[in-house]
Q: 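Quick one: this structure, given as structure tokens, is what I'll be asking you about.
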Amino acid sequence: MAIDDLADKVLDIGRRRGFFWPAFEIYGGVAGFYDLGPYGALLKQNIIEEWRRHFIKRYPDLIVEIETPVITPEKVFIASGHVENFVDPIVGCKKCGRFFRADQLIEEKLGVKAEGKSVEELTDIISKSGLRCPVCGGELGEVRLFNLLFRTQIGPYQGSVGFFRPEAAQGMFISFKRVHQVMRNKLPIGIAQIGRVARNEISPRQGLIRLREFTIMEFEFFFDQNEPGADEYIDKVRNEKLSLITADMRREKIEEPQSFTIDEALRQGVIKTPWMAFWMYESTLFLEKIGVPRTNIVFEEKLPEERAHYSRQTFDQLVKTARWGWIEVAGHAYRGDYDLSRHKQFSGEDLTVRKQLREPVERRTLVVRLNKAVLGRELKDKLDSIQQQIKSMSPEVLKRELDNKGFIEVSGVRLSRNHLVIEEVVEKVVTISVTPHVVEPSFGSERLLYVAMEYALREKQGRLILSFPRRIAPVKVAVLPLVDNEKIVGMAKRIYDMLKETDLMVTYDDSGSIGRRYARADEIGVPVCVTIDYQSLTDGTVTLRDRDSWKQVRVHVDKLVESLRRFIYDNVEIEELGPIFFSEEKE
RNA sequence: GCGGCCGUCGUCUAGCCUGGAUUAGGACGCCGGCCUUCCAAGCCGGCGAUCCCGGGUUCAAAUCCCGGCGGCCGCACCA
């Protein structure tokens with residue numbers, strides 16, 4: 001199938017079969033918002049469930065899932081830096097349509113400090129200086145604020161500004177302390193969240209790929225930078241390969257990705273922290289489960305100027321698509337201790353973690369001890385102020401003075417060894433305070449949905465087939481009576497009723513011919529069809545027909561559910577389930 | 001936001017240039033019936049279109065003009 005065809009057919013099937021369509025259609029639609037239809041919603045649920053299984057269920061001692069609000073008070077995004085960093089004054093060229101950061105343009109071209117100036121001031125500077133488009137020389141328009149955060153108001157109080165979160169991450173940072181405590185102070189620990197986020201994009205295009213509101217699946221993985229505790233995990237994947245385009249390669253205009261083993265990437269410092277490498281590898285495995293072959297997955301490092309304000313290193317995880325070329329389905333950001341430090345600073349809460357040292361360390365400190373019995377008698381009510389003054393002085397200085405002169409003078413009062421002792425105390429330190437570092441893998445679920453559909457789409461004998469990996473198929477089983485015969489339909493409906501009670505999503509279809517029903521089932525990607533024929537009435541067997549090979553086997557109704565489960569969840573071949581009954585290849 | 005292209009049943013489209021016999025035609029899909037022992041078979045019937053919206057020109061507008069909205073492709077941002 002031609003590449004353009006493929007992409008068009010995904011969009012076609014998406015709309016026709018009800019996977020997705022533009023939202024608010026009857027009011028003309030609004031760019032950047034999409035509805036998911038019945039099959040799209042199921043597919044997305046299954047992709048999310050697969051993500052959950054892959055990252056959370058498989059790492060129960062490493063990652064836990066939480067849920068936090070979507071509407072978030074302003075303070076949080078002031079602390080996180082989003083209020084500051086998601087608002088750009090931009091100015092557009094009226095001639096070529098290019099956009100520029102207004103303040104940067106002014107500083108660069110005019111050498112005037114422009115940061116922090118208002119929109120009006122910036123517009124004024126531009127018009128008075130006659131600054132023009134640096135690319136084409138065209139006239140520049142008005143400067144305006146450009147804010148990716150959706151703003152709202154919490155309650156009836158005007159001062160109470162809230163934002164729709166642009167990432168789920170802040171919820172994990174803010175509740176970090178509590179989760180950490182609940183998880184019995186475990187470190188490293190990952191906190192995951194799946195939920196809606198919104199970004200007020202300037203001009204979203206590309207359908208499902210660029211949405212103003214979407215479902216993000218991400219986790220913040222907290223670890224001690226000095227002791228990541230990743231060895232055990234890295235050892236298992238040390239020789240596995242990642243396809244990388246590093247920032248250095250990009251600067252040298254090398255566009256072909258280079259294959260690094262995880263070991264190489266870490267030893268050469270290409271990936272800055274082991275956990276990031278580990279989760280990048282796991283993310284590759286995850287995409288394979290969605291149906292993307294490894295050869296079509298590449299990690300591209302962001303250049304420093306391209307990175308988000310919180311990031312020390314970012315790799316975009318790219319997947320090759322027919323429609324839009326390489327698109328980013330996940331971002332892997334090394335956020336360092338940026339978020340926890342900022343929230344610590346802005347909230348005043350101690351967000352550090354006490355860590356037990358493997359071996360206690362001796363720490364020697366000078367301690368000033370006051371003989372309050374003597375001092376009290378001599379100083380009476382002056383004791384309090386003298387005491388405070390002494391506390392504010394450095395023990396080292398006090399000791400030196402005492403050793404040299406034999407006394408210390410504080411506010412005209414002479415204190416001798418009678419009054420105070422300065423001695424060295426040796427304490428055993430068993431814990432230290434650590435601000436964990438964070439790596440964050442973050443997936444866009446609608447993008448994955450699109451990617452899954454594109455990779456699933458096949459054409460066979462002029463028919464479209466969505467060959468989803470069986471686990472993520474929206475509908476798992478179709479029950480079909482071979483012909484419109486009362487007894488056969490009756491049996492088919494009984495089987496349908498039985499399957500509805502299981503965990504398998506099932507559908508029933510008796511319209512048109514059997515061939516048409518298979519075609520319909522193939523088109524929405526149903527992995528297996530159960531067909532009830534005349535033989536079923538006499539021996540209680542039905543046929544299972546594989547979506548991909550069109551082979552059929554006979555299975556007794558008593559073993560039907562078990563067989564279907566093995567086929568869907570254990571991915572066994574159709575031939576393993578029973579004797580071949582009918583095979584397209586034989587025709 | 002700017003430039004280019006585009007907007008007709010659920011989908012794809014004919015008609016538009018050259019305004020009028022168009023009750024806006026077709027195909028596919030969908031629904032109902034007949035038929036049918038395995039891959040979109042056939043036959044019959046049916047539902048389905050404010051021709052993107054608003055204004056203008058005209059005796060007459062899907063068709064010409066203006067404005068708007070939306071989509072796609074580029075610029076910028078991003079999962």
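Letters go in sequence order (proteins before strands), and every chain restarts at 1.
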Q: Ring-plane angle category for A/F77 and A/H82, please: parallel below 30°, perpendicular beyond 60°, tilted otherwise.
A: perpendicular

Q: Please name the nucleotide paired to B/rC5 by Watson-Crick or G-U wobble geometry with both distances under 3.5 Å, or report none.
A: B/rG71

Q: Any chance the side chains of A/E440 and A/H332 put a donor and an acceptor closer than 3.5 Å?
A: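 A/H332 and A/E440 do not have a side-chain donor-acceptor pair below 3.5 Å.
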
Q: Have A/E301 and A/Q313 got a donor and an acceptor in their side chains that come within less than 3.5 Å?
A: yes

Q: Any protein N or O atoms within reach of nucleotides 69-72 of chain B? Criterion: under 3.5 Å, listing atom names and distances.
A:
{"from": "B/rG71", "atom 1": "OP1", "to": "A/A31", "atom 2": "N", "distance (Å)": "3.0"}
{"from": "B/rC72", "atom 1": "OP1", "to": "A/G207", "atom 2": "N", "distance (Å)": "3.4"}

Q: The test is side chain to side chain donor-acceptor pair (under 3.5 Å); show your working for A/Y450 and A/E454 and say whether it passes.
A: CA-CA 6 Å; A/Y450 175 81; A/E454 209 183 78; 2.6 Å; yes

Q: Do A/Q193 and A/R165 meet the criterion of a side-chain donor-acceptor pair at a distance under 3.5 Å?
A: yes

Q: Expressed as a whole number of Å, how far does the C1' atom of B/rU37 sit from that of B/rA27?
A: 31 Å

Q: I'd like the P distance from B/rC16 over to B/rG55, given in whole Å.
A: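 Here B/rG55 and B/rC16 have their P atoms 26 Å from each other.
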
Q: Under 4.0 Å between a side-chain nitrogen and a carboxylate oxygen: does that hold for A/R53 and A/E50?
A: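 Counted as a salt bridge, because a side-chain N and a carboxylate O are separated by less than 4.0 Å.
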
Q: Between the protein and nucleotides 28-31 of chain B, which nitrogen or oxygen pairs are less than 3.5 angstrom apart?
A:
{"from": "B/rC30", "atom 1": "OP1", "to": "A/R520", "atom 2": "NH1", "distance (Å)": "2.3"}
{"from": "B/rC30", "atom 1": "OP2", "to": "A/R516", "atom 2": "NH1", "distance (Å)": "3.2"}

Q: Between B/rA61 and B/rC51, how far apart are the two C1' atoms, rounded to whole Å?
A: 11 Å

Q: Hydrogens and angles aside, do A/Y34 and A/E213 bring a side-chain donor and acceptor to less than 3.5 Å of each other?
A: no

Q: Rounding to an integer number of angstrom, what distance separates B/rG67 and B/rC12 when you compare their P atoms?
A: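 The answer is 28 Å between these two P atoms.
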
Q: Does A/T531 have a side-chain nitrogen or oxygen under 4.0 Å from the phosphate oxygens OP1 or OP2 of B/rC38?
A: no

Q: Counting only Watson-Crick or G-U wobble pairs whose two distances fall under 3.5 Å, which nucleotide matches B/rG10?
A: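 The answer is B/rC28, by the H-bond criterion.
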
Q: Compare the ring of A/Y518 with the six-membered ring in the base of B/rC38 and state whether they stack (centres under 5.5 Å, planes under 30°).
A: no

Q: For the C1' atoms, the ones on B/rC47 and on B/rG4, what distance do you get once it is rounded to whole angstrom?
A: 39 Å

Q: Could you tell me how far B/rC44 sits from B/rC52 if I compare only their P atoms? Round to whole Å.
A: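 Nearest-Å result for B/rC52 against B/rC44 at atom P: 33 Å.
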
Q: Taking 4.0 angstrom as the limit, do A/E523 and A/R458 come out as a salt bridge?
A: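 Salt bridge absent between A/E523 and A/R458.
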
Q: Rounded to whole angstrom, note down the C1' distance from B/rU63 over to B/rG56.
A: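 Result for the C1' pair: 15 Å, nearest Å.
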
Q: Relative to A/W51, does A/K289 satisfy both conditions: NZ or CZ under 6.0 angstrom from the six-membered ring centre, and within 45 degrees of the ring's axis?
A: no

Q: Between atom CD in A/Q461 and atom P in B/rC39, what is the gap in whole Å?
A: 10 Å

